[in-house]
Amino acid sequence: MRQIIQTDTAINRKKKVVMEVVLLAVCLLFYLLFPFFDGPVWCADSASYAFMDISREPLYPAFLALTRIRGAGNAAEAEAYIVTVILQSLLAGFSAWYAGLVIKRTKDQSTLLQIAAIVFQFAVVLLCRFAAVRGSVYTDCIMTEGLGLSLFVLFILELYLYVAGGRKCHLLWTLILSFLLISLRKQMMITILIMGAVFGWYILIRNRKVRQFLCLMLLMVSVLAACKVTDRLYNYAVRGVWIEHCHNSMGVLCTLLYSSDAEKDNLLFTDETVKELYLEIMKQADEQKLLYAYAQGDWLSMSSHYADSYDAIGYGIINPVVDGYIAGHYDYTIVEAALKYDEICGEMTRTLFKQNLMPMLQVYCYNVLKGLVNSVARAGHLLSIYAAAAYLGFAAAAGYLILQKKKLKEMEMQIERSLAFAFIVMMGIVINSLVVGLIIFTQPRYMIYSMGLFYAAYAMLLYDVVRCHILLHGKKTSVCTGM
């Protein structure tokens with residue numbers, strides 16, 4: 001009898017392994033279909049990464065340099081990056097499969113939730129390829145999202161596994177992925193804030209482990225320090241100078257200029273050179289009606305006007321005006337010119353923070369609201385209503401499980417895991433919206449990092465809601481029968 005049981009166990013274990021291999025193969029093949037049919041896609045920002053522009057973080061330009069096919073044309077030809085997009089696709093396929101595996105293993109071996117998690121990752125890809133204006137998947141694009149979307153999914157999963165199980169290996173991977181993401185794109189500084197919020201809640205507030213929390217904070221600071229050192233090492237290797245990448249101040253400056261009133265705010269400047277440059281920028285922006293004063297309509301219209309104005313102000317006006325001034329007054333190298341650019345824009349930014357910030361606050365609120373919508377749908381009047389309903393349903397399901405958790409001891413651990421995953425995913429969405437909304441317009445490209453994870457977390461919550469309802473209904477039936 002024991003031998004039969006052992007044989008059955010071995011057969012079941014083998015079936016599970018085969019199933020996981022099949023699912024991994026399906027995920028990899030799904031993502032590989034797109035580079036096969038579409039090939040690499042060259043985008044507006046691709047050249048700055050391919051040619052290692054001084055404004056870019058180190059990881060992606062280095063990745064492109066290592067994966068570009070030599071002898072297949074120059075660095076600006078998309079065909080030279082076929083290996084790049086294949087590797088990006090393989091990483092995306094692995095992250096989708098891993099999402100399903102993690103959810104299955106932490107949710108009572110539910111194959112249903114596993115398949116749902118994978119399908120939600122696929123759905124985001126299909127929306128980008130066939131429903132969005134861009135008409136391409138990010139894994140095919142020569143841009144940071146090609147790696148970033150997958151690495152962020154893995155980051156959230158490893159953070160969840162650490163919170164759920166406390167194993168140090170998952171903490172290590174969480175920190176490594178945070179380092180990679182920040183080195184890929186400065187927007188991913190949000191990973192530090194997400195870890196801070198999650199550790200603050202689970203380690204400090206709930207478990208009251210002050211020493212552990214302080215150790216985690218120290219590790220997070222170490223990640224930031226490592227990112228800064230890596231940035232400087234990269235620029236030293238590429239340009240021979242020990243500096244971090246430049247042009248960081250332009251993001252907030254665009255928003256400050258957009259909401260500025262030139263007649264009042266020019267009086268804030270003490271540096272006459274910066275003041276003249278400010279007035280020239282504002283003059284051109286006013287002529288093109290790119291300022292807050294020209295925004296009209298509801299919050300969607302106003303946030304769209306800001307989004308349309310952002311790049312036009314930054315790349316169409318700030319860069320030509322400031323770079324033109326530097327070129328006309330100094331005989332600088334590329335590095336020296338970039339540092340002078342940062343000096344001028346930094347001074348302009350610090351000065352404009354003294355302006356009346358109420359217009360900027362309104363722009364910020366609308367921008368964050370649009371970011372929250374774009375994180376789960378696409379900003380529009382009907383889809384905004386849908387997004388609000390989705391968030392309310394998400395919160396209602398979580399609230400119901402919190403109320404039922406202590407009543408159903410047999411479900412307590414499963415509910416706790418669903419709530420933990422939901423909390424981490426929501427922290428990712430909210431913090432990303434708050435941070436991106438401050439420095440740039442919240443277009444889908446910057447917001448969809450958590451889209452598939454949101455619906456996977458929603459499925460986990462609803463799965464537990466149904467199970468709780470069945471258990472509670474069964475208990476009531478038993479009581480009635482006993483009476």
Side-chain angles (χ1 to χ4, degrees), residues 95-96 99 102-103 116-117 120-121 123-125 127-128 132 138 144-145 148-160 163 174 177-178 181-182 185-202 299-300 303 307 364-380 383-399 401 417-462:
S95 67
V102 167
I103 289 173
F120 289 134
Q121 294 298 322
V124 175
V125 174
L127 285 173
C128 291
Y138 286 108
T144 53
E145 283 76 13
L149 292 172
S150 304
L151 291 176
F152 186 80
V153 169
L154 295 174
F155 165 79
I156 292 294
L157 293 170
E158 289 298 319
L159 180 57
Y160 164 62
V163 169
T174 301
L177 288 163
S178 176
L181 284 161
I182 295 170
R185 184 179 182 85
K186 59 180 175 287
Q187 173 192 348
M188 290 296 108
M189 289 283 287
I190 64 168
T191 56
I192 298 295
L193 299 177
I194 294 168
M195 283 191 287
V198 172
F199 294 152
W201 173 247
Y202 280 99
W299 70 272
L300 272 174
S303 60
Y364 176 65
C365 290
Y366 290 163
N367 205 24
V368 170
L369 186 58
K370 189 173 184 178
L372 291 171
V373 175
N374 279 334
S375 296
V376 299
R378 177 64 187 266
L383 287 177
S384 295
I385 296 172
Y386 160 78
Y391 282 124
L392 287 173
F394 192 94
L401 291 177
R417 288 175 176 176
S418 293
L419 291 173
F421 190 66
F423 176 75
I424 293 169
V425 170
M426 279 307 303
M427 283 299 98
I429 290 174
V430 171
I431 290 173
N432 191 36
S433 298
L434 291 172
V435 172
V436 175
L438 182 64
I439 58 177
I440 197 171
F441 56 102
T442 51
Q443 64 170 317
R445 171 186 167 187
Y446 307 134
M447 308 313 302
I448 66 169
Y449 286 84
S450 296
M451 184 178 286
L453 295 173
F454 172 81
Y455 290 104
Y458 208 161
M460 291 168 66
L461 293 174
L462 293 177

Trainee: Would you call L369 and S303 a side-chain contact if the rule is heavy atoms closer than 4.5 Å?
Mentor: no

Trainee: Side chains of F423 and V163: closer than 4.5 Å at any heavy-atom pair?
Mentor: no

Trainee: Show the nearest heavy-atom pair for residues A457 and A422, with the distance to one decimal.
Mentor: CB-CA, 4.0 Å

Trainee: Which heavy atom in G452 sits nearest to a heavy atom in V124, and how many Å separate them?
Mentor: N-CG2, 3.7 Å

Trainee: So, the side chain of N374 versus the backbone of T442: is there a donor-acceptor pair under 3.5 Å, distance only?
Mentor: yes

Trainee: L453 and Q121: side chain to side chain contact (heavy atoms under 4.5 Å, CB included), yes or no, with the steps?
Mentor: CA-CA 8 Å; L453 295 173; Q121 294 298 322; 3.9 Å; yes

Trainee: Kindly compute the distance separating CD1 (I424) from CG (L419), expressed to the nearest 0.5 Å.
Mentor: 11.0 Å

Trainee: Considering all heavy atoms of both residues, which atom of C128 and which atom of A132 are nearest to each other, and what is their separation?
Mentor: O-CB, 3.6 Å

Trainee: Apply side chain to side chain contact (heavy atoms under 4.5 Å, CB included) to T191 and L177, showing your working.
Mentor: CA-CA 9 Å; T191 56; L177 288 163; over 6 Å; no

Trainee: Nearest 0.5 Å please: distance from the CG atom of L434 over to the CD1 atom of I190.
Mentor: 10.5 Å

Trainee: Indicate yes or no: at least one non-hydrogen side-chain atom of I194 is less than 4.5 angstrom from one of F155.
Mentor: yes

Trainee: I'd like to know if the side chain of Y449 and the backbone of I429 have a donor-acceptor N/O pair within less than 3.5 Å.
Mentor: no

Trainee: Is the closest side-chain heavy-atom distance between F199 and L159 below 4.5 Å?
Mentor: yes

Trainee: Is there side-chain contact between F394 and M426, with at least one heavy-atom pair below 4.5 Å?
Mentor: yes

Trainee: Distance only, no hydrogens: is a donor on one side chain within 3.5 Å (strictly under) of an acceptor on the other, for R185 and Q187?
Mentor: yes

Trainee: Specify the closest pair of heavy atoms between L157 and A99, including all atoms of both residues, with the distance to one decimal.
Mentor: CD1-CA, 3.5 Å

Trainee: Any non-hydrogen side-chain atom of V373 less than 4.5 Å from a side-chain atom of L300?
Mentor: no

Trainee: State the CE-CG distance between M188 and L193, to the nearest 0.5 angstrom.
Mentor: 11.0 Å

Trainee: Heavy-atom count around W299 CH2 within 6.0 Å, excluding the residue itself: above 12?
Mentor: yes

Trainee: So S450 and F152, do their side chains get closer than 4.5 Å, heavy atoms only?
Mentor: yes

Trainee: Please report the shortest heavy-atom distance between V376 and A387, naming the atom on each side.
Mentor: CG2-CB, 3.7 Å

Trainee: So, taking the atom named NZ in K186 and the one named CG in L181, what distance separates them when rounded to the nearest 0.5 Å?
Mentor: 14.5 Å

Trainee: To the nearest 0.5 Å, what is the distance between OG1 on T144 and OH on Y138?
Mentor: 10.0 Å

Trainee: Begin with the C-alpha distance, continue with both residues' side-chain angles, and end with the deciding distance and a verdict on side chain to side chain contact (heavy atoms under 4.5 Å, CB included) for M189 and V435.
Mentor: CA-CA 9 Å; M189 289 283 287; V435 172; over 6 Å; no

Trainee: If you take all heavy atoms of S433 and M447, which pair is closest and at what distance?
Mentor: OG-CE, 3.4 Å

Trainee: For the pair Y386 and Y455, name the ring-plane relationship: parallel under 30°, tilted 30 to 60°, perpendicular over 60°.
Mentor: parallel

Trainee: How many angstroms lie between atom CD1 of I156 and atom OG1 of T174, to the nearest 0.5 angstrom?
Mentor: 9.0 Å

Trainee: What do you reckon, are the aromatic ring centroids of Y458 and F120 less than 6.0 Å apart?
Mentor: no

Trainee: Report yes if the side chains of L461 and F421 come closer than 4.5 Å at any heavy-atom pair, otherwise no.
Mentor: no

